[in-house]
Amino acid sequence: MIALTLAEIADVVSGEVVGDGAVRVTGPVVIDSREARPGSLFAAFVGEHSDGHEHAEQAAGLGAVAVLGSRPTSLPTVVVDDVRGALQRLAAHVVAQVRRAGALRVVGITGSQGKTSTKDLLGAVLGQVGPTVVTRGSFNNELGMPLTALGIEADTRFLVLELGARGAGHIAELTRLAPPDVGVVLNVGQAHLGEFGSQEAIALAKGELVEAVVEGGSAVLNADDVRVVAMAPRTRERVVTFGREQPADVRVEELRLDRLGRPSFVLATAEDRVPVTLQLVGAHQALNAAAAAAAALALGVLPAQVGRALDAVTTLSQWRMELRELASGVTVLNDSYNANPDSMRAALDALAAIGADPAVRRTIAVLGEMRELGATSDDEHVAVGEHAADRGIAQVLVVGEPARGIQRGLAGRGHPATTFVADNAEAVAWLREHVGPGDAVLLKASRGARLDEVAAALQ
């Protein structure tokens with residue numbers, strides 16, 4: 001964060017300084033005392049099971065110099081009634097101050113799936129141009145987003161923010177803290193359908209990002225998604241589209257997959273054709289790359305620079321299409337961070353592409369529940385099972401009762417090789433007994449299913 005005295009912070013957040021107001025915060029703002037660094041400001045929250053104020057000494061031991069909390073601590077403290085609201089006000093102040101003093105450009109990214117991958121890709125591209133701060137993992141809510149924004153320094157040129165929403169007004173609230181120069185909407189799917197009630201409601205909420213684009217900025221929209229491209233009238237600013245075919249402004253053309261399902265394609269615009277070879281798994285990553293490219297081009301990055309940067313990306317955030325070829329001869333595709341119907345299908349498509357390699361003996365999908373789908377949940381799990389069968393996945397291991405519909409979908413397609421296990425421990429035991437050299441194994445479920453534990457045991 002840019003250096004501020006505790007008195008300056010108190011003035012921004014309308015708080016009261018208890019202790020030395022001349023103390024300067026020069027390090028990161030953290031909400032976990034174990035992540036404190038020299039010069040840090042530790043934001044102390046009172047939760048159901050813990051009280052952050054009690055960990056002020058631990059934060060101090062790691063270098064924290066001050067606390068933002070709801071009561072005094074052993075460190076100099078800015079006391080406020082609402083710590084989260086204070087963090088948001090502080091973030092808005094820091095972003096506005098850096099913007100006034102330098103060349104900071106803000107990008108907001110939202111969508112039902114692909115946000116994190118696109119954010120990682122765009123961060124890699126912009127990082128080749130200038131100092132860039134990017135959302136860590138999926139830190140994309142009303143607390144995570146301001147913490148990301150507070151990570152900028154005076155020389156930061158790009159701030160790339162992943163923006164999540166669980167209801168109307170959420171994205172509008174986040175964009176008021178850091179108004180975007182570029183707003184990217186990837187898709188309108190079924191993630192959080194149980195909370196929104198309909199895809200139309202999801203579209204209304206995601207479109208708040210388009211409305212927030214600042215004067216002179218750009219809205220980057222998916223031309224392949226009718227609900228997204230229909231958002232264009234919600235801004236007076238420039239609209240740039242991306243997609244797989246004309247009339248998208250930035251297109252994925254001549255798409256091919258290698259033996260591990262990694263896409264190569266031509267990134268096409270009206271003026272340029274740039275070859276791109278991704279080191280990431282899944283045809284869907286090509287469209288994520290096109291979205292990132294469209295945003296970068298809107299910010300003035302040259303097409304050749306975009307292509308070189310995309311070629312160089314080797315990893316995304318943890319547990320997102322992580323591909324490992326084990327010494328045992330087993331290939332593991334760990335996409336266990338989260339899941340919804342669209343991302344489930346994309347992951348199964350990637351596994352099927354890997355299975356097309358003659359060196360692969362068998363494809364195995366380990367699938368758990370998809371959460372937050374509301375009344376459509378059972379039908380969507382059944383549809384995933386049907387898709388797995390249609391894609392020719394050799395063996396499907398269904399984990400947990402909430403995912404049982406996947407097994408029914410497989411059975412409805414006459415799939416002969418499906419197994420149900422009650423929990424992750426049984427899944428690990430089954431895999432250890434049945435997986436062997438030449439097998440390719442996908443692990444995919446919503447975060448709450450914790451299939452990352454199964455992946456770790458398998459690896």
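All of these numbers come straight from a predicted model, not from anything done at the bench. Atoms considered below: every heavy atom in the structure, side chains included; atoms not considered: hydrogens, waters and symmetry mates.
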### Task
Let me see the working for Gln113 and Asn187 under side chain to side chain contact (heavy atoms under 4.5 Å, CB included), right down to the final yes or no.
CA-CA 7 Å; Gln113 56 272 339; Asn187 42 58; 3.4 Å; yes
### Candidate pair Asp224 and Arg251, rule salt bridge (Lys or Arg N to Asp or Glu O under 4.0 Å), full reasoning
CA-CA 10 Å; Asp224 296 343; Arg251 299 179 301 281; over 6 Å; no
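Rounded to the nearest 0.5 angstrom, Leu147 CG and Glu142 CD are separated by 11.0 Å.
With sequence neighbours excluded, the residues that form a side-chain contact (heavy atoms from CB on, under 4.5 Å) with Ser117 are Gln285, Asn288, Leu316. Every side-chain contact (heavy atoms from CB on, under 4.5 Å) that Ala59 has, sequence neighbours left out, goes to Ser33, Ala36, Phe42, Ala64. Residues meeting the side-chain contact (heavy atoms from CB on, under 4.5 Å) test with Arg236, sequence neighbours left out: none. Ala22 is linked by a side-chain contact (heavy atoms from CB on, under 4.5 Å) to Asp20, counting only residues two or more places apart in sequence or in another chain. For Glu426, there are no salt bridge (charged side-chain N to carboxylate O under 4.0 Å, His left out) partners two or more places apart in sequence or in a different chain. Residues forming a salt bridge (charged side-chain N to carboxylate O under 4.0 Å, His left out) with Arg157 (at least two apart in sequence, or on another chain): none.
For the pair Arg320 and Tyr337, the cation-pi criterion (under 6.0 Å, within 45° of the ring axis) is fulfilled.
Partner of Val67 under the side chain to side chain contact (heavy atoms under 4.5 Å, CB included) criterion, chosen from Val78, Val18, Thr77: Thr77. Looking at Leu323, Val441, Asp258 one by one, the single match for side chain to side chain contact (heavy atoms under 4.5 Å, CB included) with Ile354 turns out to be Leu323.
Between the side chains of Glu57 and Ser74, at least one donor N or O lies within less than 3.5 Å of an accepting N or O. No side-chain donor from either of Thr235 and Glu211 sits under 3.5 Å from a side-chain acceptor of the other. One side chain, Thr241 or Asp249, offers a donor N or O that lies under 3.5 Å from an acceptor on the other. A donor atom on one side chain and an acceptor atom on the other are found under 3.5 Å apart for Asp349 and His387. Thr277 and Asp311 form no side-chain donor-acceptor contact under 3.5 Å, judged by distance and modelled atom types alone.
Heavy-atom neighbours of Arg71 CZ from other residues, nucleotides or ligands within 6.0 Å: above the threshold of 12.
Between Leu204 and Arg234, the shortest heavy-atom contact is O-NH2, 2.9 Å.
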